[in-house]
Amino acid sequence: MEKAERRPYRMGARAAAMEATRAHILRTAVALWMQRWYDEVTLADIAAAAEVSVQTIVNRFGGKEGLADAAADWLANRVADDRRAPAGDVKAIVAVLIADYELHGDANARWGVDAERVPAIARAIAGARSRHRAWLEQVFADRLPAGGPEREHALNLHYAATDVALWKLWRRDLGLSREETERAMHDMVIAIDPRRSSDE
């Protein structure tokens, strides 16, 4: 009886250890890809940083592209958690978005270039765009038209006003401070509120 009780415990502990290793590899891969170009990071680099073997990574993810897909999903879940903001509160919405871009914006710029030739990065970027649009529909639900072309137009304006490319323009190209960037995005989002009358 004691043996039967120990076996499920050992299996559960092993599964937990495997999941912890998987998460550690994903965290390590994301950290490296946030600092360097996709091609500059090898499986050997990730394995060394994560203190596992290359074969362990291959066994769990099937190779570099499979690891990139899993890393994109892992990062997306963390970004979703970090982007929680009260619907309709423009100041809070912009604040969490700028905080996200301060962490991931430079990497996003590199990934945008990589997406032109790396299928895994292209899939990650497409998924990120779709999730950003869905997030906008959620946090700006109070101001978006109910449906039709006007809703699409309003969503397109909100996407443009909150896109990471605009953060890059303000922060990196024009050299604005984080506070100035946050203020600029806030004012832009306020200005495109479709509930404002056209003569305001």
Side-chain angles (χ1 to χ4, degrees), residues 23 26-27 30-31 33-34 38 68-116 118-200:
L26 291 172
R27 279 194 303 271
V30 167
W33 276 320
M34 289 199 40
Y38 179 83
D69 284 334
D73 290 340
W74 182 90
L75 182 58
N77 289 331
R78 271 118 199 104
V79 168
D81 289 340
D82 292 341
R83 279 199 186 185
R84 290 184 183 171
D89 186 339
V90 175
K91 187 173 183 180
I93 291 165
V94 170
V96 299
L97 191 58
I98 294 298
D100 174 19
Y101 290 163
E102 289 291 316
L103 288 173
H104 308 123
D106 292 320
N108 270 316
R110 282 196 305 278
W111 295 337
V113 175
D114 275 337
E116 296 177 8
V118 181
I121 302 299
R123 288 191 294 272
I125 293 290
R129 287 175 178 155
S130 178
R131 286 186 295 273
H132 183 65
R133 186 179 178 85
W135 180 77
L136 292 172
E137 290 190 274
Q138 176 188 338
V139 296
F140 292 121
D142 62 319
R143 63 161 64 186
L144 294 174
E150 287 306 310
R151 182 180 181 85
E152 288 303 303
H153 177 66
L155 266 173
N156 289 337
L157 290 179
H158 283 76
Y159 199 117
T162 60
D163 189 60
V164 67
L166 197 53
W167 171 88
K168 179 183 176 295
L169 170 68
W170 284 328
R171 286 289 274 136
R172 301 299 182 235
D173 301 340
L174 299 181
L176 271 62
S177 68
R178 176 173 175 169
E179 292 73 21
E180 290 168 329
T181 297
E182 196 165 318
R183 179 186 176 190
M185 185 175 287
H186 174 275
D187 290 351
M188 192 172 244
V189 170
I190 291 293
I192 62 172
D193 188 341
R195 297 169 300 185
R196 291 165 60 102
S197 63
S198 58
D199 58 353
E200 279 188 80

Chi angles and distances behind the side-chain contact (heavy atoms from CB on, under 4.5 Å) call for Glu180, Leu174 = CA-CA 11 Å; Glu180 290 168 329; Leu174 299 181; over 6 Å; no

Return yes if some donor-acceptor pair links the side-chain N/O of Arg196 with the main-chain N/O of Ile192 below 3.5 Å, else return no.
-> no

In terms of heavy-atom contacts, does CZ of Arg183 have more than 12 from other residues, nucleotides or ligands at under 6.0 Å?
-> no

Distance (rounded to the nearest 0.5 Å) between Glu182 CD and Leu176 CG | 12.0 Å

Is there side-chain contact between Glu152 and Leu144, with at least one heavy-atom pair below 4.5 Å?
-> no

Less than 4.0 Å between a side-chain N and a carboxylate O, is that true for Asp106 and Arg171?
-> no

Smallest heavy-atom separation, Ile93 atom then Gly88 atom, equals CD1-N, 3.9 Å

Checking His158 side chain against Ala154 main chain: does a donor-acceptor pair fall under 3.5 Å?
-> yes

Flag yes if more than 12 heavy atoms outside Glu137 fall under 6.0 Å of its CD atom; otherwise flag no.
-> yes

Quick one: does Thr162's side chain get under 4.5 Å of His132's, heavy atoms only?
-> yes

In terms of heavy-atom contacts, Ala71 and Leu26 come closest through N-CD2, 3.6 Å

Does some side-chain heavy atom of Val96 sit less than 4.5 Å from a side-chain heavy atom of Asp82?
-> no

Atom OG1 in Thr181, atom OH in Tyr101: separation rounded to 0.5 Å?
-> 12.5 Å

Steps toward side-chain contact (heavy atoms from CB on, under 4.5 Å) verdict (Val189, Phe140) = CA-CA 10 Å; Val189 170; Phe140 292 121; 3.7 Å; yes

Answer yes or no: is there a donor N or O on one side and an acceptor on the other, between the side chain of Asp163 and the main chain of Tyr159, under 3.5 Å?
-> no

Any donor-acceptor N/O pair, Trp135 side chain to Arg83 backbone, under 3.5 Å = yes

Is there a side-chain contact between His104 and Leu75, using heavy atoms and a 4.5 Å cut-off?
-> yes

If every non-hydrogen atom of Ala160 is compared with every non-hydrogen atom of Leu166, which pair is closest and at what distance?
-> O-CD2, 3.6 Å

Do Tyr38 side-chain atoms and Ala115 backbone N/O form a donor-acceptor pair below 3.5 Å?
-> no

So do Leu103 and Arg78 actually touch side chain to side chain, heavy atoms under 4.5 Å?
-> no

Looking at Ala146 and Arg151, what are the two nearest heavy atoms and their distance?
-> O-CD, 3.7 Å

Of all the heavy-atom pairs spanning Arg195 and Asp193, show the shortest one and how long it is.
-> NH2-OD2, 2.8 Å

Do any N or O atoms from the side chain of Trp167 and from the backbone of Met185 form a donor-acceptor pair under 3.5 angstrom?
-> no

Grab the two heavy atoms, one from Trp74 and one from Ala23, that are nearest each other, plus how far apart they are.
-> NE1-O, 4.5 Å

Between the CZ atom in Arg123 and the CG atom in Asp69, the distance rounded to the nearest 0.5 Å is 4.0 Å

